[in-house]
Engineer: 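Dropping a structure here in structure tokens format, bear with me for questions.
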Amino acid sequence: MSNQQINITLPDGSVREYEKGVSGLQIALSISEGLARNVLAAKVNGEVWDSSRPIHQDSKVQLLTWNDTEGKNTFWHSSAHLMAEALEALYPGTKFGIGPPIENGFYYDVDFGDKSLDGSELEKIEAKMLELAKLKSDFIRKEVSKKEAVAYFTEKNDPYKLDLLEGLEDGSITFYEQGNFTDLCRGPHIPNTGFIKSVKLLNIAGAYWRGDEKNKMLTRLYGITFPKAKELQDYLFMLEEAKKRDHRKLGRELELFTFSEKVGMGLPLWLPKGTLLRERLVNFMKKAQDKSGYQQVVTPHIGHKALYETSGHYEKYGKDSFQPIHTPNEGEEFLLKPMNCPHHCEIYKHKPRSYKDLPIRYAEFGTVYRYEQSGELHGLTRVRGFTQDDAHIFCRPDQVKEEFIKVIDLVLYVFKALGFEDYTAQISLRDPEKREKYIGTDEAWEKAESAIVEAAAEKGLQTVTELGEAAFYGPKLDFMVKDALGRKWQLGTIQVDYNLPERFQLEYIGSDNQKHRPVMIHRAPFGSLERFVAVLIEHCAGNFPLWLSPEQITILPISEKFIEYAEEVKGILEDEDIIGMIDNRDEKIGRKIRDAEVKKIPFMLIVGEKEQQEGKISVRRHGEGDLGSLSPAEFVSYFKKIIGESLKN
RNA sequence: GCCGACGUAGCUCAGGGGUAGAGUACUUCCUUGGUAAGGAAGGGGUCACGGGUUCAAUUCCCGUCGUUGGCUCCA
């Protein structure tokens, strides 16, 4: 028995023979020492294990390192334990909630009793963590009975762990121990604390035990760790960079938008430059939509309460919305529109439709108002009044796939023109176990779901499919973009809807002369202009693509003697729709250049005696410097060429 | 909505129980300059708002509003 061999299949498909009881780490060692040094955990038949845990059967094994998400998660989870160990050492009696890894790092919810922690103590904890990490304590897995586990945490007087234990079954309970710290934990963990080379505790926040505000508020400590000091530096640099790009900061500095307490929280005021940017985006989208067969419509900002009773929104969201507006005499109730689709349904209904009319695509830059919870408001990304680049496609069931493909094309065109190169699509399907949760027939769902999957595949989208993430009214496809700093944002969305056509009794006459129900597709490539502008600002750090830039050029006369010539140049450029101002302040050219650079104006056009005599302008590009001199006509064509490149389909 | 932190000039921030200060921006004057900050003078604040404590509050306490970090929610 002792010499029994097992077959281990590695991710590349190769099969190797090992002695029964071999661990992930031993497998790594057999491949290379370098790999062994970097192995954080092992994925055994789809389950992440400690790299030291013996494998007893033929298995598929993937060795996880820092380059794997699961490897990182294991690393950060172990880091949470290390932080807990440090906290217990520094503040004896601390009680522990949960300490999971998150997208960037980890947190631990802890109860310090009466003590409150202030920010200055974070460094002390970091230092303790590094000190403990140097001990290279092994993470030791122990299987314990529920009784033992309860006894341990009763003794330790930790109510949270006891609460967690209540939900666990005897026989599946494990402890992990490193150094002097023992935690209830499913694992897995990295081999020892020595892997953790750098630590940064990022912030402290309150969080209710189990996320329930009836429970006690615990202190949540967020941190991040890395296997190399350099990576921490890079991460901190990225955080700094993100701070510099914060759209709230740039929005103020570049005079794009503002907020006013008097107007109300979450209600953005667009300044002239921001409005110009917005209008460019709108015109860009209108043009693209015109080409794709959309028709623009306009609907009012309010709608009768009955409209939302029909749509079902009143029942579902009415209580949490802005309250209805009452007419003084008739006592009728109107709601600020939270969505455009009910209005669009009524447009569809204004006359009988034939199958030959479909698809009908109604587009509207519709401003909607939603009562978002006050704590959730954030710059332009989460507001109470915003404009969607909304459209609703009414089509026959057999047209869903084709319409999806068309919308995907549109979204990809938009992404390309705006410089979002890294994106994925999430397909949200229904939970096949809980079909009763969803409206619409099985047949319709199956058809729509496969239409989405096929459309995404045909367009070669990189997709993730989530079961159970569909809305109750239909499946959807959401686009997630990664910005220049690698942060993920959800932008465009395409959703199939079976609910509203039903509720509004939408119909068309089919070729069989019978009434049929159309399918509705909601779609918004930007999502909302507000949110999109916010993401765009952070993505390009305020250096907008030339075609969008609210101030494309600035003309800088060397001295006031050349203002007249500057005016002349400005006139020529304005005729070509190139927008900008003359900096006619009584300042030196160096100063004017600096100010224009700070304002991120793409082109500075310098005019002095030389330029005036030659009928030229000296062109300086933001962030690049002097490009030499051109005639205004040459500049116009150069300028238009740049714009043409980014907008070509 | 809940918990914590914060709120001083347009912006970034210092200060602190005796009614405020810097840098920058702004205005005026000098300077007429060649690719990232020329010089001088000046104006500007109910220290978020409302109460309380105090001889005296911008400062301490409470409340409100707003911002912010989280939690929860998101058609």
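In what follows, chains carry the letters A, B, and so on, assigned in the order in which the sequence lines appear, proteins first and then strands, with residues in each chain numbered from 1. Remember, predicted model here, so these are calculated numbers, not experimental data.
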Engineer: Using a cut-off of 4.0 Å on non-hydrogen atoms, how would the nucleic acid contact of A/Gly608 be classed: base, sugar-phosphate, or nothing?
Structural biologist: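 Base, at least one base heavy atom under 4.0 Å.
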
Engineer: Please list each protein N or O that sits under 3.5 Å from an N or O in nucleotides 23-25 of chain B, with the distance.
Structural biologist:
residue : atom : partner  : partner atom : Å
B/A25   : OP1  : A/Arg591 : NH2          : 2.2

Engineer: Nearest to the side chain of A/Ile593, which nucleotide is it out of B/G38, B/U67, B/U35?
Structural biologist: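 When the side chain of A/Ile593 is considered, B/U35 is the closest of B/G38, B/U67, B/U35.
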
Engineer: So, using salt bridge (Lys or Arg N to Asp or Glu O under 4.0 Å) as the criterion, who are the partners of A/Arg621 when residues are at least two apart?
Structural biologist: none

Engineer: Which comes earlier along RNA chain B counting from the 5' end, the contact point of A/Tyr222 or that of A/Glu253, where each point is its nearest nucleotide?
Structural biologist: A/Glu253

Engineer: Answer with base, sugar-phosphate or nothing: what part of the nucleic acid does A/Glu624 contact at a heavy-atom distance below 4.0 Å?
Structural biologist: nothing

Engineer: For the side chain of A/Lys337 and the backbone of A/Pro300, is there at least one donor-acceptor N/O pair under 3.5 Å apart?
Structural biologist: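 Side chain of A/Lys337 to backbone of A/Pro300, a donor-acceptor pair under 3.5 Å: yes, one is there.
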
Engineer: For the pair A/Tyr108 and A/Phe96, evaluate ring-ring contact (aromatic ring centres under 6.0 Å, His included) and give the outcome as yes or no after the intermediate values.
Structural biologist: CA-CA 8 Å; A/Tyr108 217 122; A/Phe96 295 93; 5.4 Å; yes

Engineer: Look at A/His378 and B/G69 and indicate whether a side-chain polar atom (N or O) is within less than 4.0 Å of OP1 or OP2.
Structural biologist: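 It does, given that an N or O in the side chain of A/His378 lies less than 4.0 Å from OP1 or OP2 of B/G69.
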
Engineer: Measuring to OP1 and OP2 of B/C3, would you say a side-chain N or O of A/Arg220 lies under 4.0 angstrom away?
Structural biologist: no

Engineer: Checking A/Glu333 against A/His304: is there a side-chain donor and acceptor pair closer than 3.5 Å?
Structural biologist: no

Engineer: Which atom pairs link the protein and nucleotides 39-47 of chain B when you take only N or O atoms and keep those under 3.5 Å?
Structural biologist:
none

Engineer: Taking the C1' atom of each, how far is B/C6 from B/G44, in whole Å?
Structural biologist: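 These two C1' atoms come out 25 Å apart once rounded.
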
Engineer: Within the structure shown, what part of the strands sits under 4.0 Å from A/Asn203 by heavy-atom distance: base, sugar-phosphate, or nothing?
Structural biologist: sugar-phosphate

Engineer: As a test of your reading of the structure, name each stem of RNA chain B as range with range, where a stem is three or more consecutive Watson-Crick or G-U pairs at under 3.5 Å.
Structural biologist: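 Only these stems qualify: B:1-7 with B:65-71, B:10-13 with B:21-24, B:26-30 with B:38-42, B:48-52 with B:60-64.
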
Engineer: May I have the distance from A/Leu267 (atom CG) to B/G66 (atom C1'), rounded to whole angstrom?
Structural biologist: 13 Å

Engineer: Please work out if A/Ile589 contacts a base, only the sugar-phosphate, or nothing of the nucleic acid, heavy-atom cut-off 4.0 Å.
Structural biologist: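 Sugar-phosphate: the residue A/Ile589, judged by heavy atoms under 4.0 Å, touches backbone atoms but no base.
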
Engineer: With sugar-phosphate meaning primed atoms plus P, OP1 and OP2, does A/Arg248 contact a base, only sugar-phosphate, or nothing at under 4.0 Å between heavy atoms?
Structural biologist: sugar-phosphate

Engineer: At less than 4.0 Å, is any side-chain N or O atom of A/Arg252 found next to OP1 or OP2 of B/U12? Yes or no.
Structural biologist: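 Yes, because at least one side-chain N or O of A/Arg252 sits under 4.0 Å from OP1 or OP2 of B/U12.
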
Engineer: Using a heavy-atom cut-off of 4.0 Å across all strands, would you classify A/Lys592 as base, sugar-phosphate, or nothing?
Structural biologist: nothing

Engineer: Can you figure out which of B/G34, B/G1, B/A36 approaches the side chain of A/Ser374 most closely?
Structural biologist: B/G1

Engineer: Within the sub-3.5 Å range, which N or O atoms of nucleotides 73-75 of chain B have a protein N or O partner, and how far apart are they?
Structural biologist:
residue : atom : partner  : partner atom : Å
B/C74   : O2   : A/Arg382 : NH1          : 3.1
B/C74   : O2   : A/Arg382 : NH2          : 2.5
B/A75   : O4'  : A/Tyr317 : OH           : 3.1

Engineer: When you compare the protein's N or O atoms with those of nucleotides 4-9 of chain B, which come within less than 3.5 Å of each other, and at what distance?
Structural biologist:
none

Engineer: Figure out the CG/C1' separation between A/Asn584 and B/G33, and round it to whole Å.
Structural biologist: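 The answer, rounded to whole Å, is 15 Å.
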
